Amino acid sequence: MLDIRQFRESPEHVRERLATRGIEFSEKVDDILRLDTERREAITAVEELKAKRNSASKEIGLLMSQKKLEEAESKKAEVREIGDQISQLDIKASQTDEELRNILLRLPNLPHADVPIGSSEDDNKEISKWGEKPSFDFDPKPHTEICETLGLVDFARGAKLSGSGFLLYSDWGARLERALIQYLLDIHVHENGYTEVSPPFIVGYDCMIGVGQFPKFEDQAYMVQEGLDEDSRGKMYLIPTAEAPVANIHREEILKNEELPKYYCAYSPCFRAEAGAAGVGTRGMIRVHQFDKVELIKIVEPEGSYDELNKMLSNAEKILQSLNLHYRILQLCTADMSFGSATTYDIEVWAPGQGDYLEVSSCSNCEDYQARRMNLRYKDAEGKNRHPHILNGSGTALARLFVALIETYQQPDGSILIPEPLQNYLRTDRIPAS
RNA sequence: GGAGAGAUGGCUGAGUGGUCGAAAGCGCUCCCCUGCUAAGGGAGUAUAGGUUAACGCCUAUCGAGGGUUCGAAUCCCUCUCUCUCCGCCA
């Protein structure tokens with residue numbers, strides 16, 4: 001959520017920055033300014049009346065104790081009238097407040113000044129590349145074919161169990177997936193200094209609001225109902241990413257200065273309805289309704305949060321480097337960044353069988369946008385309450401990493417070489433050809 | 001799922017309709033005193049919002065939301081969470 005004070009103090013700046021993400025957002029600025037004024041007028045008026053009522057009530061108490069009952073009674077009638085006015089004005093004030101909040105909750109974060117302005121993903125900017133595309137003396141197969149031949153993923157039965165977009169990992173496939181989860185967590189815990197948490201995979205509505213998933217993207221989530229109780233709808237959701245529970249760990253808290261920075265990492269499955277998304281329903285593992293991911297979350301002081309973002313990005317890169325997978329880094333343009341982000345870098349890994357790069361990580365600095373939504377604060381060195389910056393990054397998403405891995409390391413005989421760091425986890429250096 | 005108990009400031013804990021935003025203690029900060037330390041004395045110590053150039057003033061908040069009342073931490077209703085016991089259960 002954006003700070004209402006920014007709108008008051010520099011409306012033109014906010015309008016200009018919002019416009020880079022779409023004019024439908026910048027058009028709201030005037031509404032916000034108007035509602036803000038209305039809200040404050042209503043509050044001032046109602047608070048004056050409340051002050052009046054409070055002091056009159058005290059007088060009544062005094063009169064009663066002095067047994068001046070008649071005077072007290074007439075005073076009561078007077079105050080009752082004030083009370084009626086108050087309840088009417090209160091309603092108006094809270095309505096205005098809610099209206100304002102509803103608009104604010106639906107506005108994205110302002111992009112950082114360095115973010116390239118663009119209108120689609122085509123305007124994302126390539127920052128760097130690491131490694132080389134591997135060369136093959138045969139035609140590299142797509143992962144779907146490899147998976148089917150080696151029985152790593154049973155697409156047909158996955159779909160039978162849960163519909164298209166759900167995967168049944170099998171045998172070596174299941175073991176590789178588990179090995180990857182374990183490996184990624186170990187790197188982030190032991191080498192990158194993150195604290196591992198294992199969060200609930202179902203969260204309440206407020207958590208989804210907090211990270212900016214809701215209210216705008218309610219159509220993309222899986223809602224959970226408790227048994228047959230339809231009243232329980234709209235309260236619990238399958239997490240689309242571990243960011244939802246983990247970034248919210250400290251919501252509504254005031255952290256002490258010395259508690260920061262917080263570095264968390266977490267494994268979780270991620271559930272995405274992907275309603276209307278391109279590629280849903282197509283075969284394979286690239287876009288599915290459930291995939292595994294190891295997520296990184298940082299809660300840090302605003303000063304230096306961009307250094308923290310760079311470090312987080314290298315933490316994720318380290319994974320791909322250690323597995324010797326070719327990748328590139330993009331800085332997302334204003335149009336392609338997620339809602340709450342001020343700056344986002346995507347890591348895309350090369351998948352030879354696809355002949356394409358696959359997004360496996362997205363590292364974002366949301367600055368104080370999420371902290372404000374979830375009312376998370378910390379006391380700075382001067383004892384002032386401030387909103388910390390919250391960063392999130394995938395470290396990394398697994399289904400696509402799985403794809404890149406098997407497509408990169410496939411051998412002419414159909415077997416798959418396992419990169420050295422994974423060998424202990426998988427207890428083999430090669431997934432045999434069938 | 002059933003029965004009971006509870007939820008007050010950083011913590012402990014008083015407070016059952018009228019200067020209660022809240023006693024007291026602990027903790028913390030600052031000051032004073034004292035060779036050092038310990039002890040002692042004094043002051044301060046929640047959050048959000050409105051208003052003001054500022055000092056300040058005002059409003060709201062005692063788990064959350066509603067209600068009764070001129071007035072609610074205090075009475076009533078609903079909900080959430082915690083604890084104890086019972087049932088069920090991985």
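Values in this document were obtained by computation on a predicted structure and should not be read as measured data. Every chain is numbered from 1, with letters handed out A, B, ... down the list of sequences.
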Taken to the nearest whole Å, CD1/Ile91(A) to P/G66(B) is 11 Å

What is the separation between atom CZ on Arg386(A) and atom C1' on A48(B), rounded to the nearest whole Å? 18 Å

Tell me the interatomic distance from Ile86(A), atom CD1, to U69(B), atom C1', rounded to whole angstroms. 13 Å

Going by an N to O cut-off under 4.0 Å, is there a salt bridge joining Asp368(A) and Arg386(A)? no

OP1, OP2 of G49(B) versus side-chain N and O of Arg40(A): anything below 4.0 Å? no

Looking at every strand, decide which applies to Ala51(A) at a 4.0 Å heavy-atom threshold: base, sugar-phosphate, or nothing. sugar-phosphate

May I ask you to say what Lys50(A) touches in the nucleic acid, namely base, sugar-phosphate or nothing, with a heavy-atom cut-off under 4.0 Å? sugar-phosphate

From CD1 of Ile82(A) over to C1' of G71(B), roughly how many Å is that when rounded to an integer? 12 Å

side-chain contact (heavy atoms from CB on, under 4.5 Å) for Leu161(A) and Phe166(A)? Distances and angles first, verdict last. CA-CA 8 Å; Leu161(A) 295 176; Phe166(A) 289 92; over 6 Å; no

In whole Å, what separates the C1' atom of A64(B) from that of U82(B)? 15 Å

Across the strands shown, which category fits Arg8(A) at heavy-atom distances under 4.0 angstrom: base, sugar-phosphate, nothing? sugar-phosphate

Tyr205(A) six-ring centre to Lys235(A) NZ/CZ under 6.0 Å and within 45° of normal: no

Just call it for Lys379(A): base, sugar-phosphate, or nothing, with non-hydrogen atoms closer than 4.0 Å on any strand. sugar-phosphate

Tell me whether the centres of the aromatic rings in Phe271(A) and Tyr237(A) are closer together than 6.0 Å. no

Over how many whole Å does the gap from Met64(A) atom CE to U19(B) atom C1' extend? 17 Å

Rounded to whole Å, please give me the gap between CD in Glu47(A) and C1' in G49(B). 7 Å

Is Arg53(A) near enough to C70(B) that one of its side-chain N or O atoms lies under 4.0 angstrom from OP1 or OP2? no

Work out how far the P atom of C30(B) is from that of U37(B), and round it to whole angstrom. 15 Å

Leu89(A) CG to G50(B) P, in whole Å, measures 17 Å

Indicate yes or no: does Asp90(A) engage Lys50(A) in a salt bridge with an N to O separation below 4.0 Å. yes

Give the rounded distance in Å between these two atoms: CD of Glu226(A) and C1' of U80(B). 13 Å

